[in-house]
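This chain uses plain numbering: 1 for the first residue, then up along the sequence. Read the numbers this way: they start at 1 and go in the same order the structure lists the ligands and their atoms. Since the structure is predicted, the reported quantities are computational estimates derived from the model, not experimental observations.
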Amino acid sequence: MQTQDRYFLTGGQGFIGAWIAKQLLLAGSSCVLFDLKPDDGILAQVFDEDELRQLERVYGDVGDTEVVRKALDASQATNVIHLAGLQIPTCRSQPLLGARVNVIGTLNIFEAVRQSGGRVKNVVYASSAAVAGSSGDYKGPIADDTPHVPRTHYGVFKTANEGSARVYWLDHGIPSVGLRPLAVYGVGREVGVTSGPTKAIKAALLRRPYTIGFSGQTAFNYVEDAARIFIDCSKAAREGAQALNMRGEYLTVEEFAKLVEREVPGSAGLIRVSGGPIPVAYDFVEPGLEKLLGRVPHTPVADGVHRTAQRFRRLLELGKLRDQDLAT
Ligand SMILES: NC(=O)c1ccc[n+]([C@@H]2O[C@H](COP(=O)([O-])OP(=O)(O)OC[C@H]3O[C@@H](n4cnc5c(N)ncnc54)[C@H](O)[C@@H]3O)[C@@H](O)[C@H]2O)c1
């Protein structure tokens with residue numbers, strides 16, 4: 001059944017965006033996907049063909065103020081979920097571009113919301129656990145309001161966005177929630193430092209050797225949980241500018257690789273783990289999210305790996321499994 005909310009979803013063609021779009025579509029919610037340029041590569045892994053045809057799209061650069069203002073205005077959206085952004089490797093190699101997309105892009109979203117004259121109720125945006133820097137920088141679990149020392153340009157940009165969101169609440173009363181996932185995995189995860197675990201599932205099914213390029217303990221978030229949390233925060237956020245941890249499930253990359261081997265019979269020895277830990281802490285608590293949502297979904301990693309493998313198997317049967325990301 002159609003609800004009255006209408007969502008403007010930036011980065012809607014990306015990994016997390018595709019799953020948010022899918023859940024909105026299945027719930028009968030109205031949604032416009034905003035992304036840089038047409039590319040259905042990830043969406044086609046998550047949606048069936050008939051579902052894909054139902055999606056509403058707008059294309060433009062989130063770094064362009066006027067483009068964003070006009071697109072949001074034309075959409076007549078009531079809720080904004082803002083995901084468009086560049087990840088750690090691109091922000092590391094091209095920090096100016098990273099700042100334009102991740103920082104100016106987020107300011108453009110808030111400006112466009114400000115100019116909507118109250119039609120848009122709130123902004124839920126992707127921050128990141130990378131605001132936190134390394135585990136060694138902290139003693140004990142990291143709370144929502146623990147001061148951060150990010151170790152990447154990406155983390156610095158996300159920290160700036162959390163600050164901007166706070167100021168838009170103080171100056172203009174725009175409610176917002178920034179969410180801080182860590183290693184999100186699932187079908188469609190093709191880009192970024194922590195995409196290795198998902199690629200390992202795909203490689204195992206294709207019986208190809210694959211090396212996950214980081215090791216050690218981290219926190220894994222299954223993508224359908226992440227998508228649910230973004231949508232539920234959009235429904236719940238009425239005041240304040242909250243920046244909230246998403247706890248995920250802690251395990252080592254090596255343990256994740258073992259779960260992949262268990263899920264895919266005959267894949268033993270194909271998945272290797274090399275390199276050091278990522279410069280992002282993992283030991284988060286999420287009291288803010290629990291308070292806002294009541295119940296926070298936490299799919300156990302073994303189940304998330306199974307669901308991901310099942311979808312990959314289906315895509316393989318249909319001859320639609322993309323594998324070009326295994327080379328990156
Ligand atoms: N995947 C994770 O583990 C993870 C963890 C923490 C935070 N995040 C954040 O969540 C958000 C979504 O992540 P994802 O994994 O879906 O990433 P993704 O790379 O799959 O998707 C990002 C989307 O943003 C779009 N985009 C990039 N530049 C743009 C521009 N200039 N204008 C318009 N659109 C543009 C891309 O085309 C892409 O569709 C990002 O902001 C990311 O930083 C992701």
For [atom], what's the nearest protein heavy atom and its distance?
atom: atom 40 (C) of ligand 1; result: Leu83 O, 3.1 Å
atom: atom 20 (O) of ligand 1; result: Phe15 N, 2.9 Å
atom: atom 17 (O) of ligand 1; result: Gln87 NE2, 2.8 Å
atom: atom 27 (C) of ligand 1; result: Gly85 O, 3.7 Å
atom: atom 25 (C) of ligand 1; result: Asp35 OD1, 3.3 Å

Quick one: does [X] get an N or O within less than 3.5 Å of an N or O on ligand 1?
X: Val184; answer: yes
X: Ser128; answer: no
X: Gly14; answer: yes
X: Leu182; answer: yes
X: Ile16; answer: yes
X: Val191; answer: no

Q: Determine the sole option in Pro175, Cys233, Ser176 for which the side-chain contact (heavy atoms from CB on, under 4.5 Å) test with Val124 is passed.
A: Cys233

Q) Can you name the one residue among Lys199, Arg208, Arg207, Lys202 that meets salt bridge (Lys or Arg N to Asp or Glu O under 4.0 Å) with Asp323? A) Arg208

Q: Evaluate the criterion side-chain hydrogen bond (donor to acceptor under 3.5 Å, both in side chains) for residue pair His298 and Glu286; output intermediate values, then yes/no.
A: CA-CA 12 Å; His298 282 288; Glu286 54 182 15; 2.6 Å; yes

Q) If you group Ile, Leu, Val, Met, Phe, Trp and Tyr by side-chain heavy-atom gaps below 4.5 Å, do Val58 and Val62 land in one group? A)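 Linked, Val58 and Val62 end up in one cluster.
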
Q.
Contact between Glu254 and Ser215 at the side-chain level, heavy atoms closer than 4.5 Å - yes or no?
A.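 Yes, their side chains come closer than 4.5 Å.
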
Q: Check Tyr185 against ligand 1 and report side chain, backbone, both or neither, counting heavy atoms closer than 4.0 Å.
A: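 The answer is neither; Tyr185 stays 4.0 Å or more away.
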
Q: Mind checking whether Lys37 contacts ligand 1 via backbone (N, CA, C, O), side chain (CB onward), both or neither, at a 4.0 Å heavy-atom cut-off?
A: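 The answer is neither.
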
Q | Atoms in ligand 1 flagged as close to Ala126, the criterion being non-hydrogen separation under 4.0 Å | A | 9 (C), 10 (O), 11 (C), 41 (O)

Q) Between Asn102 and Tyr154, does any side-chain donor sit less than 3.5 Å from a side-chain acceptor? A) no

